[in-house]
Amino acid sequence: MGKFAGKTVIITGGGKAKSIGYGIATAFAKEGANLVVTGRNVTKLEGAKELEELYGVKVLGIQADGGEEENIKRVIAQTVETFGGIDVLINNAQNSASGVMLVDHSKEDFDRAIFSGLYATFFYMKHAFPYLKESKGSVINLASGAGLAGRVGQSSYAAAKEGIRGMSRVAATEWGPFGINVNVICPLAMTSELEKFKENYPDAYNATIKGIPLGRFGDPEKDIGRACVFLASEDAAFISGETLVLQGGSGLRP
């Protein structure tokens with residue numbers, strides 16, 4: 001029996017195969033968790049249903065735009081109605097105008113990143129709080145090295161992710177007395193999007209690999225997913241308010 005048997009985990013943006021969100025969903029499914037997977041693409045959400053047959057868990061896919069608060073209220077209500085509560089919330093979904101220089105960004109580009117990332121994380125945390133308080137649960141928000149390092153062409157994305165980091169630290173302080181731990185992961189993993197990056201920008205890809213001690217990007221399930229399982233487990237109940245950088249094979253470090 002897995003360490004999350006009978007528990008409920010919400011993962012935003014977890015319905016796409018070969019993505020960080022799907023890797024996280026798989027890691028929790030292997031530990032027996034019932035999953036609520038959200039996203040805007042119904043087809044991708046349906047793909048996550050295979051985890052039911054593979055690992056004997058229940059998967060509830062809900063189409064929702066994270067930037068719309070009413071959608072989030074609906075997700076939380078359906079989750080509680082179906083599973084009775086919430087034990088872990090993982091805010092992974094994010095959209096942005098990646099590769100667009102700051103001076104070329106439109107307000108619409110900036111809004112897309114802020115609403116899909118920062119606002120979505122805020123809405124999910126706010127409305128999941130009463131149930132996380134009851135379960136003494138965990139929140140894991142995904143940020144990025146784009147903000148930590150100031151990567152070119154990532155201004156709106158970095159702004160959203162840095163906003164998430166700041167909000168997470170405040171939540172860790174405010175929610176700690178209720179037994180809720182809140183942490184941030186900045187992942188770099190081999191996904192379908194990164195494969196496209198490798199094809200289109202081989203020099204930049206190779207330069208990035210050289211900066212990783214083990215010479216590889218992380219695996220969405222084995223590296224990122226397992227780190228999330230650890231942070232949400234009783235073994236990590238003492239960890240809160242931290243930003244953990246997972247640079248492929250370079251390990252877990254604050």
Side-chain angles (χ1 to χ4, degrees), residues 2-5 7-41 43-62 66 87-96 98 116-117 120-121 124 138-146 157 161 164 183-198 205 208-209 212 214-233 236 243-253:
K3 62 178 62 178
F4 283 90
K7 295 191 175 183
T8 302
V9 181
I10 297 177
I11 304 169
T12 71
K16 181 180 180 181
K18 202 157 187 184
S19 68
I20 290 175
Y22 189 79
I24 295 172
T26 302
F28 275 98
K30 286 184 175 181
E31 292 292 344
N34 293 318
L35 306 174
V36 177
V37 179
T38 74
R40 296 183 299 174
N41 188 308
T43 302
K44 293 175 182 176
L45 291 176
E46 290 174 348
K49 293 289 286 185
E50 70 176 10
L51 296 174
E52 289 189 329
E53 296 183 7
L54 290 172
Y55 305 110
V57 300
K58 295 181 180 179
V59 179
L60 175 64
I62 306 176
D87 297 286
V88 184
L89 170 65
I90 300 177
N91 286 297
N92 162 71
Q94 174 75 62
N95 196 350
S96 70
S98 183
S116 67
T121 300
Y124 272 104
S138 297
V139 178
I140 302 170
N141 295 328
L142 271 66
S144 173
Y157 178 76
K161 290 302 189 181
I164 289 170
N183 290 291
V184 173
I185 285 180
C186 296
L188 186 56
M190 180 53 73
T191 64
S192 56
E193 292 300 317
L194 193 54
E195 288 178 348
K196 293 178 183 177
F197 175 76
K198 180 180 180 180
Y205 176 89
T208 303
I209 280 286
I212 300 175
L214 291 184
R216 68 173 179 86
F217 289 107
D219 180 88
E221 177 199 338
K222 297 177 182 178
D223 296 316
I224 313 306
R226 293 306 306 176
C228 288
V229 166
F230 168 69
L231 287 176
S233 72
T243 297
L244 305 169
V245 182
L246 277 68
Q247 288 271 92
S250 67
L252 186 67
R253 62 179 178 82

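Please read these numbers as outputs of a predicted model, since none were measured by experiment. These values consider heavy atoms only, across backbone and side chains, with no hydrogens, waters or symmetry-generated copies.
Taking 4.5 Å as the limit, some side-chain heavy atom of K3 sits within range of a side-chain heavy atom of V229. No side-chain heavy atom of V37 sits under 4.5 Å from any side-chain heavy atom of L51. By the 4.5 Å heavy-atom criterion applied to side chains, Y22 and P220 are not counted as neighbours. The side-chain heavy atoms of I24 and I140, taken from C-beta on, include no pair separated by under 4.5 Å.
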- request: Check the pair R216 / D223 against side-chain contact (heavy atoms from CB on, under 4.5 Å), numbers first and verdict last.
  value: CA-CA 11 Å; R216 68 173 179 86; D223 296 316; 2.9 Å; yes
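The structure places CD1 of I90 at 8.0 Å from CD1 of I185, a figure rounded to the nearest 0.5 Å. Here the CD1 atom belonging to I10 is positioned 12.0 Å from the CG atom belonging to N34, to the nearest 0.5 angstrom. Remark: L246 CG to D219 CG distance equals 11.5 Å, nearest 0.5 Å. In this structure, CD in E31 is found 12.5 Å from SG in C228, a value given to the nearest 0.5 Å.
Contact record, N41 with T43: OD1-N, 2.9 Å, taken as the closest heavy-atom pair. Between G14 and A25, the closest heavy-atom pair is O-CB, 4.3 Å. Considering every non-hydrogen atom in both K161 and A143, the closest pair reads CD-CA, 3.5 Å. Smallest separation of non-hydrogen atoms from P187 and L142: CG-CD2, 4.0 Å. Smallest separation of non-hydrogen atoms from G66 and Y124: CA-CE1, 4.4 Å. Contact record, A93 with T12: N-OG1, 2.9 Å, taken as the closest heavy-atom pair.
For S138, the side-chain hydrogen bond (donor to acceptor under 3.5 Å, both in side chains) partners two or more places apart in sequence, or in a different chain, are N181.
Among F4, Y55, F28, the single residue meeting the side-chain contact (heavy atoms from CB on, under 4.5 Å) criterion with L35 is F28. Paired with N141 under the rule side chain to side chain donor-acceptor pair (under 3.5 Å), one option of N183, N91, T121, T243 passes, and it is N91.
The main-chain N or O of N95 is found under 3.5 Å from a side-chain atom of S116 such that the two form a donor-acceptor pair. Counting only distance, with no hydrogens or angles, the side chain of N92 and the backbone of G13 share a donor-acceptor pair below 3.5 Å.
For residues 46-57, the pairs satisfying salt bridge (Lys or Arg N to Asp or Glu O under 4.0 Å) are K49-E52, with sequence neighbours left out.
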